[in-house]
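Predicted, not measured: the structure shown is a model, and the values here were computed from it.
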Amino acid sequence: MYSSFNDSSTYGSSPQQPPFYSQYDGAASSGAGQQHPTSNRFSEPSTPSPPTVVTQDSTFLPRNFSATLLGEGEDNEAPILEELGINFDHIYRKTKTVLIPRRTKLDMEVVADDDFAGPLIFCVILGVLLLFNGKVFFGYIYGVFVVGLLGLWGIFNLMSLKGIDIYRTASVMGYSLLPIVFLAALSILADLRGWAGVLLLPAVVLWCTRAATLLFVVALEADDQRWLFAYPILLFYTCFALITIF
């Protein structure tokens, strides 16, 4: 009976191992691509998928800080500076309008612009320049500007039928502060509490007044009220000139 178990006719050509050992040994020797013999009853053997090749898009742009600010990344992505309302082209053109206040060269897009980045920069520069003279006047600058802004905004809306919003008012008043910044820079090099200041102070104040009055008159379409607009504006910039010199 024991010899019948070892008979080669019972187990085929490999009597040394049971049938299930020979099946697994054959699967292992034939490679990993073959499946278990019992799994063929349920599914077909799967073929290995080709390796995935990752290619870099030719339109891909490396992202850096400047590309993000200037909008040089994706096509539909707006620059961060534009989303924040900072447009250097508008700042340049409005600054040029204040430096050369002529109606014939006035850009209507600049008049309608309510950019406040330029005025904020000018106020900071004014405070830093006064700091060189030992004057910590940041609070005075922002305090006088806010009080004067609210007063002028209310007066202009009462005097004009068209009206103007407070953002455009702040933009015009802030940009027209640029000659005061020049006066503060000059006060570092020379003492302006003498005859030099007596001559420069009215000239700078009139310069600021002319630039701001021109922008307000064009924006509000009130040419017949030019001098009425100029008087409160003159008082506003006189305060800043006195802060700068004294």
Side-chain angles (χ1 to χ4, degrees), residues 69 81 84-102 105-106 110-111 113-156 166-217 227 229-246:
L69 290 179
L81 295 179
L84 296 176
I86 301 175
N87 192 324
F88 289 107
D89 182 59
H90 285 187
I91 293 175
Y92 169 75
R93 288 191 292 171
K94 203 159 189 175
T95 302
K96 186 178 179 180
T97 302
V98 171
L99 295 178
I100 309 175
R102 297 179 59 182
K105 296 184 178 181
L106 196 60
V110 171
V111 176
D113 186 22
D114 57 354
D115 171 61
F116 197 69
L120 185 61
I121 294 174
F122 294 158
C123 288
V124 172
I125 294 176
L126 178 60
V128 172
L129 292 175
L130 293 178
L131 195 61
F132 281 101
N133 286 330
K135 302 175 182 178
V136 188
F137 284 174
F138 288 97
Y140 291 102
I141 292 173
Y142 290 111
V144 173
F145 188 88
V146 170
V147 173
L149 170 64
L150 295 176
L152 291 174
W153 175 60
I155 291 174
F156 293 157
I166 193 170
Y167 304 105
R168 292 173 63 187
T169 306
S171 179
V172 173
M173 300 305 297
Y175 273 101
S176 301
L177 195 66
L178 184 59
I180 302 292
V181 176
F182 293 155
L183 184 66
L186 188 60
S187 66
I188 300 176
L189 305 176
D191 188 7
L192 301 180
R193 288 175 291 183
W195 286 104
V198 173
L199 296 176
L200 287 176
L201 191 146
V204 170
V205 171
L206 290 176
W207 188 0
C208 297
T209 303
R210 174 175 172 76
T213 303
L214 175 62
L215 292 174
F216 280 123
V217 166
W227 298 107
F229 284 4
Y231 178 68
I233 294 174
L234 179 71
L235 297 179
F236 176 79
Y237 289 112
T238 301
C239 294
F240 279 99
L242 293 175
I243 290 174
T244 302
I245 294 180
F246 301 103

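Not a single donor-acceptor pair under 3.5 Å links the side chain of N133 to the backbone N or O of K135. One N or O on the side chain of R210 and one on the backbone of P101 form a donor-acceptor pair closer than 3.5 Å. When atom types are taken as modelled, the side chain of K94 and the backbone of S171 share no donor-acceptor pair closer than 3.5 angstrom. Here the side chain of Y237 pairs a donor or acceptor atom with the backbone of M173 at under 3.5 angstrom.
Y167 and F116 have their aromatic ring centers separated by at least 6.0 angstrom. The ring of Y92 has its center no closer than 6.0 angstrom to the ring center of F88.
By the 30° and 60° cut-offs, the orientation of the rings of F229 relative to F156 is tilted. Ring geometry, W207 versus F182: the interplanar angle falls from 30° to 60°, so the pair is classed tilted.
Here L206 contributes atom CG and T238 contributes atom OG1; the two are 8.5 Å apart, rounded to the nearest 0.5 Å. Rounding to the nearest 0.5 angstrom, the gap separating the CG atom in L183 from the CG atom in L200 is 6.5 Å. Between I180 atom CD1 and I125 atom CD1 the span is 14.0 Å, to the nearest 0.5 Å. The CZ atom of F236 lies 9.0 Å from the OG atom of S176; values are rounded to the nearest 0.5 Å. Summarising the geometry, atom CZ belonging to F145 is positioned 10.0 Å from atom CG belonging to L150; distances are rounded to the nearest 0.5 Å.
In this structure the side chain of T95 reaches within 4.5 angstrom of the side chain of F122, judged on heavy atoms. In this structure, P179 and V98 have side chains that are in contact, with non-hydrogen atoms separated by less than 4.5 Å. Between T213 and L234, the closest side-chain pair of non-hydrogen atoms is not below 4.5 Å. When side chains are defined from C-beta on, R193 counts as touching I245, because their heavy atoms get closer than 4.5 Å. A heavy-atom distance below 4.5 Å is found between the side chains of L201 and L242. For the pair L130/Y140, no side-chain contact is recorded, criterion being any heavy-atom separation below 4.5 Å from C-beta on. Contact annotation: the side chain of V205 never approaches that of F240 to less than 4.5 Å [non-hydrogen atoms, C-beta and beyond]. Using a 4.5 Å heavy-atom threshold, the side chains of L177 and C123 count as touching.
Of all heavy-atom pairs between A184 and L126, the closest is CB-CD1, 3.5 Å. Closest of all the heavy-atom pairs between P202 and G197 is CD-O, 4.2 Å. Of all the heavy atoms in V111 and R168, the pair that sits closest is O-NH2, 3.6 Å.
Atom OH of Y142 has more than 12 neighbouring heavy atoms from other residues, nucleotides or ligands inside a 6.0 Å radius.
Of the residues listed (D115, T97, L215), the one engaging Y175 in a side chain to side chain contact (heavy atoms under 4.5 Å, CB included) is D115, and it is the only one.
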